[in-house]
Enquirer: 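Quick one: structure below, then a few questions.
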Amino acid sequence: MANQPQQLELPAPRTYSRTEFTALRARVKGLSIATIARAYFDAETTEPLEVERLLRTMRDDLVALALREGSSVLVAHLHASIAKHGEVRLTPVTLQLIEEAAGQWAKARPTIDHSLSRWFRPLVAERLAGEGLRTVGELVAFINRRGGSWWRSVPRIGVGRARVLVAWLRRHAESIGQAVELEVELADPLAAPAPIVITRGAQQLAPLERLAVPAELSGARGANRAPGFAYVRAAHDLDAVRAYLHRYDERPQTQRAYKRELERLVLWCVAERGVALASMTVEDCEAYKSFLKLPAERFTGPPAARASRQWRPFAPGGLSPESQRYAVRAIRAAFTWLVQVRYLAGNPWRAVTDPATVKRARKLQIERALPFDLWSRLRATLADRAALDGAAGARWRAARALLLILGDGGLRIAEAAAVARRALVWLPADDETPASWLLEVIGKGMKQRFVPVGDECVDAIRAHWRDRGHAFDAGSAEGPPDLPLIAPLVVPPTPRARAKFGAEADQGTPGLASAQGGYSVRGARGLTRWAIDRLLEATPDLSEAERRKLHRTSPHAFRHTVATQMLASGVALEVVQRTLGHASLGTTSIYVSPEEARLRREAAKYHARLRQPER
């Protein structure tokens with residue numbers, strides 16, 4: 001049988017990223033391979049020999065394309081160089097001509113699943129990876145979720161580099177398949193966002209600080225406005241809500257919770273019900289109570305920055321019965337105060353019953369407590385990682401100090417973020433009482449308690465303070481200022497960030513600032529989550545059950561860990577109560593459940609009998 005002609009398919013020419021083109025230019029200009037590998041590639045995963053091979057292959061590919069697609073002058077020049085030297089000897093000018101001729105085919109286009117390290121310098125890619133951003137798509141989604149101030153949470157990604165990154169993503173939006181939203185302003189990410197007017201049926205919602213309401217829904221002429229002299233200068237509902245929240249300026253956690261509930265109510269009144277807060281009737285209150293069970297889709301969305309257009313007041317899925325009950329009670333209390341200051345004539349929420357909730361046998365999820373063996377191994381891994389050098393080691397030392405405060409003292413995350421150096425004192429030995437460190441904590445309801453912490457925890461704090469450039473042992477009363485025990489190591493050099501953290505300019509690193517203020521609650525949660533995610537990778541020999549438990553671990557789980565481990569060590573129940581700051585001994589006793597243990601043992605006998613084969 002005669003041979004049939006075969007169609008020869010040539011492989012598609014290889015494409016190269018912007019970083020690889022920059023590296024080739026640097027090589028042509030005479031930079032060493034070692035310098036290029038360090039500046040443009042990941043030094044941990046890419047050897048200089050691999051970089052040299054890549055650049056040599058890239059040069060040959062570009063020359064081949066230029067010989068096929070270039071002008072006659074360029075082709076003649078390349079042939080002359082090959083005839084003279086046996087290969088093409090590139091100069092910066094020759095490379096520029098080759099790029100112009102071959103770049104249309106050789107230049108890669110970023111896609112949504114490309115690694116950021118392929119397109120950005122290792123320093124930038126490493127900083128983004130520290131926030132869990134490893135692909136182009138993850139970066140676009142992160143920017144859209146956080147809005148114009150997205151770069152604030154990424155260490156050492158300032159406003160200038162943020163503009164460059166956003167401009168690059170928008171330039172390649174077609175090949176990526178996702179675009180950075182228009183709300184992410186390049187001109188001035190620090191500018192205060194303009195107010196958003198919300199009307200009935202509006203799809204775009206806004207948080208309280210950006211909310212503007214039409215005059216007919218503002219409550220200025222609400223049907224429930226008190227006729228006499230009001231004790232607050234509130235011209236409309238938003239003024240009245242802000243006046244109520246102002247009462248809790250010294251209790252930021254409570255203020256944040258009440259603000260969330262009143263913000264949701266105002267948005268529902270205006271955008272869904274079309275009624276002013278000061279005109280609500282019992283029927284309106286009952287309708288909102290039902291709305292809490294399953295909010296409309298336009299009111300729900302994943303977590304996003306409050307400055308983002310993607311922000312929504314509710315998470316998907318609605319509120320739990322306990323959260324619904326809390327919302328109704330918080331709103332009722334606010335309306336009671338508005339009646340007392342004579343802004344409102346009456347409180348319609350008094351006629352509304354609380355949502356029904358299940359009376360649970362255990363109010364605390366103590367099963368989230370870490371077992372002693374797992375907690376001990378995590379502490380060892382934290383110590384190993386805290387011994388690392390560089391920025392990664394410094395962040396591990398901050399995380400270790402925070403987790404040990406949570407896991408040694410049983411503090412709530414807000415308490416750990418707020419505690420200052422002056423609160424930690426050294427008490428010498430007294431007869432049979434050993435020397436120890438004692439931490440003063442101001443907890444819920446501004447209640448004071450004293451919590452002993454171990455030497456390992458204090459050593460971790462001491463190492464964190466060395467990273468911050470402060471002397472921990474200079475003395476508590478007259479030595480160092482009243483600094484927080486845990487604080488960010490780097491603060492973006494913006495007026496807003498410096499004011500928030502009381503930051504001072506860092507003379508050693510221009511453009512950066514060191515923090516005098518501590519972490520916010522959100523920042524402390526973020527640091528805890530960062531540490532837990534990496535402990536999952538770094539801790540050796542974790543079983544599948546331990547991985548699941550650690551993955552579900554939250555900052556509050558360390559508080560449960562303290563309680564269960566103290567009781568298991570024989571510590572008296574009332575001592576554990578005082579350590580945790582529980583108002584009732586019954587709350588602490590939830591960690592002691594012998595009846596439940598006996599129930600499980602007896603049930604196991606029954607189930608074991610069911611599994612036995614019949615004789």
Enquirer: Taking atom types as modelled, is there a side-chain donor on Asn224 or Ser279 under 3.5 Å from an acceptor on the other?
Expert: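 Looking only at side-chain atoms, Ser279 and Asn224 do not form any donor-acceptor pair under 3.5 Å.
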Enquirer: State whether Phe299 and Arg264 meet the cation-pi test: NZ (Lys) or CZ (Arg) under 6.0 Å from the six-membered ring centroid, and within 45° of the perpendicular axis.
Expert: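 No cation-pi geometry.
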Enquirer: Are more than 12 heavy atoms from other residues, nucleotides or ligands located less than 6.0 Å from atom CD1 of Ile442?
Expert: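 Atom CD1 in Ile442 is packed in, count exceeds 12.
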Enquirer: Judged by atom type as modelled, is there a donor-acceptor pair below 3.5 Å linking the side chain of Thr199 to the main-chain atoms of Ala202?
Expert: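 Side chain of Thr199 to backbone of Ala202: no pair is present.
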Enquirer: For the pair Glu216 and Arg221, find out whether any cationic side-chain nitrogen is under 4.0 Å from an anionic carboxylate oxygen.
Expert: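 Looking at Arg221 together with Glu216, the answer is no, because their closest N to O distance does not fall below 4.0 Å.
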Enquirer: If only atom types and distance count, is the side chain of Arg332 paired as donor or acceptor with the main-chain N or O of Trp349 below 3.5 Å?
Expert: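 At least one qualifying donor-acceptor pair exists.
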Enquirer: Which heavy atom in Arg312 sits nearest to a heavy atom in Gly301, and how many Å separate them?
Expert: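 Scanning both residues completely, I find the closest heavy atoms to be CB-N, 3.7 Å.
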Enquirer: Could you tell me whether the side chain of Arg421 and the main chain of Leu424 form a donor-acceptor pair under 3.5 Å?
Expert: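 Judged by distance alone, yes, a pair lies under 3.5 Å.
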Enquirer: Return yes if a side-chain donor-acceptor contact under 3.5 Å exists between Asp239 and Tyr343, otherwise no.
Expert: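 No, no side-chain donor-acceptor pair sits under 3.5 Å.
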Enquirer: With the side chain counted from C-beta on, respond yes when Thr553 and Phe558 share a heavy-atom pair under 4.5 Å apart, and no when they do not.
Expert: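 Side-chain contact under 4.5 Å: yes.
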Enquirer: Verify whether one side chain among Gln310 and Asn144 offers a donor that lies under 3.5 Å from an acceptor in the other.
Expert: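 Not at all, the side chains of Gln310 and Asn144 share no donor-acceptor pair under 3.5 Å.
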Enquirer: Tell me, yes or no, whether the heavy-atom count around Arg247 atom CZ, taken from other residues, nucleotides or ligands under 6.0 Å, exceeds 12.
Expert: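 For Arg247, atom CZ is crowded (more than 12 foreign heavy atoms under 6.0 Å).
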Enquirer: State, to 0.1 Å, how close Asp284 and Trp268 come at their nearest heavy-atom pair, and which atoms those are.
Expert: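 For Asp284 versus Trp268, the nearest heavy atoms are O-CH2, 3.3 Å.
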Enquirer: Determine the minimum heavy-atom distance between Ala531 and Ala399, stating which atoms define it.
Expert: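 Closest approach of Ala531 to Ala399, heavy atoms only: CB-CB, 3.8 Å.
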Enquirer: Closest heavy-atom contact between Ala524 and Ala417?
Expert: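 Looks like CB-CB, 4.2 Å.
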Enquirer: Could you tell me whether the side chain of Val352 reaches within less than 4.5 Å of the side chain of Glu286, counting heavy atoms only?
Expert: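 The answer is yes; the side chains approach within 4.5 Å.
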Enquirer: Decide if atom CD of Glu250 counts as having more than 12 heavy atoms of other residues, nucleotides or ligands within a radius under 6.0 Å.
Expert: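 Open: at most 12 neighbouring heavy atoms sit under 6.0 Å from CD of Glu250.
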Enquirer: Taking all non-hydrogen atoms of both residues, which atom of Val270 and which atom of Val213 are closest, and how far apart?
Expert: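 Closest approach of Val270 to Val213, heavy atoms only: CG2-CG1, 3.9 Å.
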Enquirer: Could you tell me if the side chain of Phe142 sits less than 4.5 Å from the side chain of Val154, heavy atoms only?
Expert: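 SC-SC contact between Val154 and Phe142 confirmed.
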Enquirer: Nearest heavy-atom pair of Phe335 and Pro348: which atoms, and what distance?
Expert: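 Reported closest heavy-atom pair: CD2-CD, 3.9 Å.
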Enquirer: Might you work through the side-chain contact (heavy atoms from CB on, under 4.5 Å) test for Val453 and Leu404, ending with a clear yes or no?
Expert: CA-CA 9 Å; Val453 294; Leu404 290 186; over 6 Å; no
Enquirer: With a 3.5 Å distance limit and no angle check, can you tell me whether Arg225 reaches the backbone of Gly219 through a side-chain donor-acceptor pair?
Expert: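 Confirmed, Arg225 side chain pairs with Gly219 backbone.
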Enquirer: Check this for me: does any side-chain nitrogen of one of Arg256 and Glu263 sit under 4.0 Å from a carboxylate oxygen of the other?
Expert: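 Salt bridge: no.
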Enquirer: Please say which of Val458, Asp408, Leu411 ends up in a side chain to side chain contact (heavy atoms under 4.5 Å, CB included) with Leu439.
Expert: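 Only one of Val458, Asp408, Leu411 forms a side chain to side chain contact (heavy atoms under 4.5 Å, CB included) with Leu439, namely Leu411.
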Enquirer: Could you grab the distance from atom CG of Leu406 to atom SG of Cys457, nearest 0.5 Å is fine?
Expert: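 Taking CG in Leu406 and SG in Cys457, the distance rounds to 9.0 Å.
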Enquirer: Around atom CZ of Arg273, are there more than 12 heavy atoms of other residues, nucleotides or ligands at under 6.0 Å?
Expert: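 More than 12 heavy atoms, drawn from other residues, nucleotides or ligands, come within 6.0 Å of this atom.
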Enquirer: Side chain of Arg559, backbone of Gly410: donor and acceptor closer than 3.5 Å?
Expert: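 Yes: the side chain of Arg559 pairs with the backbone of Gly410.
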Enquirer: Could you grab the distance from atom CG of Leu238 to atom CG of Leu277, nearest 0.5 Å is fine?
Expert: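 So the gap between those two atoms works out to 9.0 Å.
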Enquirer: Under the side-chain contact (heavy atoms from CB on, under 4.5 Å) rule, what do Glu261 and Arg329 come out as? Steps first, then yes or no, please.
Expert: CA-CA 10 Å; Glu261 302 305 338; Arg329 289 189 169 189; over 6 Å; no
Enquirer: Side chain of Lys259, backbone of Thr254: donor and acceptor closer than 3.5 Å?
Expert: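 Pair absent, no side-chain N/O of Lys259 close to backbone of Thr254.
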Enquirer: Determine whether Arg200 and Glu272 satisfy the following criterion, side-chain contact (heavy atoms from CB on, under 4.5 Å), listing intermediate values before the conclusion.
Expert: CA-CA 6 Å; Arg200 185 172 187 179; Glu272 183 76 11; over 6 Å; no
Enquirer: Side-chain contact, heavy-atom cut-off 4.5 Å: Ser218 with Asp237?
Expert: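 Side chain of Ser218 against side chain of Asp237, heavy atoms only: no contact under 4.5 Å found.
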Enquirer: Do the side chains of Met280 and Cys269 get nearer than 4.5 Å, heavy atoms only?
Expert: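 Yes, close enough: below the 4.5 Å cut-off.
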Enquirer: Keeping Trp150 on the side-chain end and Arg145 on the backbone end, is there a donor-acceptor pair under 3.5 Å?
Expert: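 Side chain of Trp150 to backbone of Arg145, a donor-acceptor pair under 3.5 Å: no, none is there.
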Enquirer: Would you say Ser323's side chain and Leu319's backbone share a donor-acceptor pair under 3.5 angstrom?
Expert: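 No: the side chain of Ser323 does not pair with the backbone of Leu319.
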Enquirer: Once rounded to the nearest 0.5 Å, what's the spacing between atom NE2 of His464 and atom NE2 of His470?
Expert: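 Atom-to-atom, His464:NE2 and His470:NE2 are 9.0 Å apart.
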Enquirer: Is there a donor-acceptor contact under 3.5 Å from the side chain of Thr300 to the main chain of Ala315?
Expert: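 It does not hold such a pair.
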Enquirer: With a 4.5 Å limit on heavy-atom distance, are the side chains of Pro313 and Leu205 in contact?
Expert: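 Result yes, sub-4.5 Å side-chain heavy-atom pair found.
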Enquirer: Give the C-alpha distance, both sets of side-chain angles, the deciding distance and a yes or no for side-chain contact (heavy atoms from CB on, under 4.5 Å) between Val441 and Phe450.
Expert: CA-CA 6 Å; Val441 180; Phe450 294 91; over 6 Å; no
Enquirer: So Glu415 and Arg412, salt bridge (charged side-chain N to carboxylate O under 4.0 Å, His left out) or not? Walk me through it.
Expert: CA-CA 5 Å; Glu415 297 168 348; Arg412 302 176 178 91; 2.6 Å; yes
Enquirer: What is the distance from atom CZ of Phe314 to atom CZ of Arg298, rounded to the nearest 0.5 Å?
Expert: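 Going from the CZ atom of Phe314 to the CZ atom of Arg298 covers 11.5 Å.
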Enquirer: Is there a side-chain contact between His551 and Ile532, using heavy atoms and a 4.5 Å cut-off?
Expert: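 Side chain of His551 against side chain of Ile532, heavy atoms only: no contact under 4.5 Å found.
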Enquirer: With a 4.5 Å cut-off on side-chain heavy atoms, are Leu245 and Leu208 touching?
Expert: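 Yes, close enough: below the 4.5 Å cut-off.
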Enquirer: Any chance you could measure Thr353, atom OG1, to Arg325, atom CZ, to the nearest 0.5 Å?
Expert: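 Here the interatomic distance stands at 11.0 Å.
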Enquirer: Taking the cut-offs as 6.0 angstrom to the six-membered ring centre and 45 degrees off its axis, would you call Arg395 and Trp530 a cation-pi pair?
Expert: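 Judged by the rule (NZ or CZ under 6.0 Å from the ring centre, within 45° of its axis), Arg395 counts as positioned above Trp530.
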Enquirer: Between atom CG of Leu402 and atom CG of Leu485, what is the distance when rounded to the nearest 0.5 Å?
Expert: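 Output value for this atom pair is 10.5 Å.
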Enquirer: Parallel, tilted or perpendicular: which fits the ring planes of Tyr258 and Tyr248, with parallel below 30° and perpendicular above 60°?
Expert: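 Judged by the thresholds at 30° and 60°, the geometry between Tyr258 and Tyr248 is perpendicular.
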Enquirer: In sequence, state the C-alpha distance, the side-chain angles, and the governing distance for Glu209 and Arg306, and then conclude on salt bridge (charged side-chain N to carboxylate O under 4.0 Å, His left out).
Expert: CA-CA 9 Å; Glu209 60 271 15; Arg306 295 177 68 83; 2.8 Å; yes
